[in-house]
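In what follows, a structure is listed as structure tokens, so that the remarks can point back to it.
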There are 2 protein chains.
Amino acid sequence: MKTPTIQDVAQRAGVGVGTVSRVLNNHAAVKPTTRETVLKAIADLDYTPNPHARRIAGGKSYTISVLLPVLTTEFYARLLDGLETAFQEARYDVAIFPLLDRSRLERYLASHTLAYQADGLVMATYNLTKVFHERRLRTQQPTVLVDAHTDDADCSYMDNLAGGVLAGEYAATLPGGLYAIWVETELDQLFTTHVFEDRRTGFHQALAAAGRRVETEYTASFDTLAARNTAAALLDDVQRREGGLPCTVFASADLLAGALLDEARVRGLTPGQDVYIIGFDDQPWAAARGLTTLHQPVEAMGYEAAQLLLSRLGGYRGPARARRFQPHLVVRDSA
Amino acid sequence: MKTPTIQDVAQRAGVGVGTVSRVLNNHAAVKPTTRETVLKAIADLDYTPNPHARRIAGGKSYTISVLLPVLTTEFYARLLDGLETAFQEARYDVAIFPLLDRSRLERYLASHTLAYQADGLVMATYNLTKVFHERRLRTQQPTVLVDAHTDDADCSYMDNLAGGVLAGEYAATLPGGLYAIWVETELDQLFTTHVFEDRRTGFHQALAAAGRRVETEYTASFDTLAARNTAAALLDDVQRREGGLPCTVFASADLLAGALLDEARVRGLTPGQDVYIIGFDDQPWAAARGLTTLHQPVEAMGYEAAQLLLSRLGGYRGPARARRFQPHLVVRDSA
DNA sequence: TTGTAAGCGTTATCAC
DNA sequence: GTGATAACGCTTACAA
């Protein structure tokens with residue numbers, strides 16, 4: 001019992017394949033009654049059009065490819081959620097191509113593999129300025145960037161600079177010396193992301209405006225253990241210092257803030273009293289642990305990215321558009 | 001400048017499309033010289049065959065769909081690595097379909113969407129016994145299960161029972177009372193996974209064989225915060241007890257063991273001296289933190305799953321096969 | 001409003 | 001060995 005084709009549907013409905021195709025694509029005027037008949041035949045046979053055939057026929061495949069990095073963080077799960085929701089509403093299927101490492105990215109960039117055979121492309125996090133500039137993105141499909149931006153393409157991204165400013169403005173109102181922990185970005189050129197750089201710039205801008213300065217800045221790689229060690233080093237320094245407590249720390253990612261929270265509690269310090277801690281991300285556990293942090297509308301960013309792409313697919317031909325999303329401060333016990 | 005087709009290649013090489021197709025698919029005998037000419041034309045035009053057309057033409061699309069859950073853990077990153085490596089070697093493209101929630105799984109199960117249009121299907125973690133039994137998997141493509149098993153399908157999975165046995169055998173040799181922390185599985189029927197159940201069964205088997213028993217068993221949900229709280233509760237109980245230390249704890253996932261490591265250090269207890277801790281998973285940080293744990297050959301499991309599928313695609317028609325992978329104990333400072 | 005037929009880019013089956 | 005040519009399942013003119 002093979003899967004039904006458009007022929008089978010046409011036959012069962014007693015119409016031509018053209019008509020079936022028309023109702024499938026909401027084309028022109030099809031007489032309501034015939035439409036009904038066709039729809040019924042489709043339901044009876046449990047027919048679904050073959051996307052490959054659709055694509056081949058010069059039409060659309062109703063398929064979107066999403067290229068994104070490692071995938072092991074909450075952030076991408078949320079991003080995917082936003083993207084999928086929007087595409088699903090528009091009846092597009094989404095396939096994901098995880099770029100596990102640089103060689104994978106190169107591979108996708110270099111060949112016309114499956115990822116490029118979709119109607120549109122979403123690229124996450126990679127700042128492809130260079131790639132676009134060198135015209136190495138060898139595809140004619142509409143492409144949109146999420147969590148990254150370029151002048152040459154539609155993009156939907158988080159305003160990390162504004163987030164840094166919010167953190168700085170709030171930190172300036174808190175007691176004690178100011179400290180900051182940044183994320184070490186070891187990503188190479190291709191994988192460049194301005195995320196943490198932007199947060200830092202914004203933070204410093206706000207402090208400058210408030211006439212304040214940071215005592216010491218620390219850097220940790222994006223990893224629980226490293227974060228914990230950095231947190232310990234920071235608290236060592238602060239506690240060693242005369243009148244070092246209370247102090248205020250901006251940890252530029254919740255992963256960092258969480259480690260600091262742990263380390264502070266171990267030392268018998270109370271967050272929001274001895275150590276004021278501001279995180280960034282608002283991870284799922286942040287509320288439970290009372291972490292003051294910057295919440296990012298990640299799903300919304302993904303959703304909007306999808307909308308930009310869908311508008312291109314719908315025929316929009318205008319210049320590249322940028323959608324910027326604003327993080328907002330969520331004040332909890334830790335600060 | 002549109003993408004070149006097989007026609008363009010044929011024309012440039014001065015041969016028929018059939019010949020080009022033959023060299024593309026390593027078919028029959030093509031005269032070495034013509035083969036060269038064709039290959040050159042392909043290179044010149046930077047031609048890549050269109051997978052949709054290939055699929056449509058009744059052939060293969062050289063595409064594999066991988067259906068897997070959330071994606072936010074190291075485990076899946078490693079699994080994907082194994083799968084991708086194998087498929088890439090065989091020149092297959094892989095597309096990922098993340099099943100973010102139950103409704104997504106239902107959707108993929110219920111329709112003939114893109115995921116089903118691939119040459120083969122890999123399903124991770126879901127125990128699809130029921131789905132297979134009810135014939136709800138509406139596809140004729142070869143399917144293989146990873147990190148799960150059924151009698152009805154090829155599968156590649158970890159022998160969690162044996163892992164539990166190893167943990168139990170080793171724990172039985174360690175001093176003090178025995179404790180265990182299990183993972184609470186809140187997944188519903190469709191998402192059933194026997195992983196933690198198996199680890200527990202194996203652990204108890206080994207203890208029984210050694211004539212030992214567990215003092216108390218704890219349960220935590222798979223979440224850092226919950227794990228930490230459970231670890232605290234466990235240590236409270238142990239420390240309250242007369243001669244409670246030293247003791248030995250089997251934490252059935254490294255996430256749990258890590259929390260216990262933290263909590264023990266906070267209390268001034270030395271792992272491997274006051275508290276003997278055995279984890280499960282061998283996460284990347286386990287070595288750095290000196291955690292004794294069970295290492296799983298996850299990449300190998302993925303690689304083998306791919307091989308099973310490839311053999312089906314290569315024409316294998318025999319009965320379902322099962323490949324079981326053995327975890328092994330890695331002894332470090334914590335026990 | 002609807003049926004017919006010509007593609008779309010491949011593979012596979014023929015003859016030569 | 002190799003070149004035509006008929007599928008494959010669909011969309012889209014073009015007629016009717």
Side-chain angles (χ1 to χ4, degrees), chain A residues 2-39 41-42 45-63 93 112-114 116-119 140 313, chain B residues 2-39 41-42 45-63 91 93 112-114 116-119 140 313 315:
Chain A
K2 54 190 289 303
T3 41
T5 74
I6 199 172
Q7 298 280 358
D8 301 324
V9 176
Q11 194 165 355
R12 185 170 235 270
V15 300
V17 290
T19 306
V20 178
S21 178
R22 268 166 231 132
V23 344
L24 242 29
N25 298 286
N26 295 315
H27 261 321
V30 177
K31 185 161 50 163
T33 45
T34 35
R35 171 180 219 82
E36 283 311 313
T37 327
V38 172
L39 252 21
I42 289 177
L45 295 172
D46 195 19
Y47 163 81
T48 320
N50 179 326
H52 298 293
R54 288 184 131 175
R55 178 85 191 164
I56 261 303
K60 329 282 229 69
S61 63
Y62 293 94
T63 284
D93 256 331
H112 302 200
T113 48
L114 186 67
Y116 284 180
Q117 305 287 343
D119 295 345
Q140 290 85 45
L313 296 175
Chain B
K2 54 189 289 302
T3 41
T5 76
I6 198 173
Q7 298 282 358
D8 302 324
V9 177
Q11 193 165 353
R12 184 170 235 269
V15 300
V17 289
T19 304
V20 178
S21 181
R22 267 168 230 129
V23 343
L24 242 29
N25 299 283
N26 295 317
H27 260 321
V30 177
K31 184 162 50 164
T33 44
T34 34
R35 170 181 220 81
E36 284 310 314
T37 327
V38 172
L39 252 21
I42 288 178
L45 294 172
D46 193 20
Y47 163 80
T48 320
N50 180 327
H52 297 292
R54 288 184 130 176
R55 178 84 191 163
I56 259 305
K60 330 279 229 70
S61 63
Y62 295 93
T63 285
R91 329 218 77 229
D93 254 332
H112 301 202
T113 47
L114 186 66
Y116 284 1
Q117 305 288 342
D119 295 345
Q140 289 87 45
L313 296 175

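Only heavy atoms go into these numbers, but all of them, side chains included; no hydrogens, no water, no symmetry mates. Every chain is numbered from 1, with letters handed out A, B, ... down the list of sequences.
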The ring-ring contact (aromatic ring centres under 6.0 Å, His included) partners of B:Y47 (sequence neighbours excluded) come to none

By nearest-nucleotide position on DNA chain D, the 5'-leaning member of B:R35 and A:A53 is B:R35

In terms of heavy-atom contacts, A:G16 and A:A10 come closest through C-CB, 3.8 Å

Between B:V20 and the options B:V30, B:V9, B:T34, the side-chain contact (heavy atoms from CB on, under 4.5 Å) test singles out B:V9

Residue set satisfying side-chain contact (heavy atoms from CB on, under 4.5 Å) with A:A53, at least two apart, ordered chain then number -> A:N50, B:I56

Outermost contacting nts on DNA chain C, any atom under 4.0 Å from chain A heavy atoms, listed 5' then 3', are C:dT1 to C:dG9

Residue pairs passing the salt bridge (Lys or Arg N to Asp or Glu O under 4.0 Å) test with at least one member in residues 10-27 of chain A, sequence neighbours excluded, are A:R12-A:D44

Here the pair of heavy atoms bringing A:Y62 nearest to A:R54 is CD1-NH1, 3.2 Å

Within residues 10-22 of chain B, those residues having any heavy atom closer than 4.0 Å to DNA chain C are B:G18, B:S21, B:R22

Sorted by chain and residue number, the side-chain hydrogen bond (donor to acceptor under 3.5 Å, both in side chains) partners of B:K60 (sequence neighbours excluded) come out as B:Y92

The helix from C:dT1-D:dA16 to C:dC16-D:dG1: angle between terminal helix axes, five bp per end, to the nearest 10 degrees, reads 40°

**Request:** May I ask you to say what B:Y62 touches in the nucleic acid, namely base, sugar-phosphate or nothing, with a heavy-atom cut-off under 4.0 Å?
**Result:** nothing

Contact span of DNA chain D against chain A, any nucleotide atom under 4.0 Å from a heavy atom, 5' to 3', runs D:dG9 to D:dA13

How far apart are the C-alpha atoms of B:R35 and B:N26, what are their side-chain angles, what is the distance that settles it, and do they pass the side chain to side chain contact (heavy atoms under 4.5 Å, CB included) test? CA-CA 10 Å; B:R35 170 181 220 81; B:N26 295 317; 3.2 Å; yes

For A:T37 and A:A13, the nearest pair of non-hydrogen atoms, with its separation, is CG2-O, 3.8 Å

Residue set satisfying side-chain contact (heavy atoms from CB on, under 4.5 Å) with B:D8, at least two apart, ordered chain then number -> B:P4, B:T5, B:L45

- Item | Between B:D119 and B:S61: side-chain donor-acceptor atoms closer than 3.5 Å | yes

Contacts of A:S21 meeting side-chain contact (heavy atoms from CB on, under 4.5 Å) (sequence neighbours excluded), chain-then-number -> A:I6, A:N25

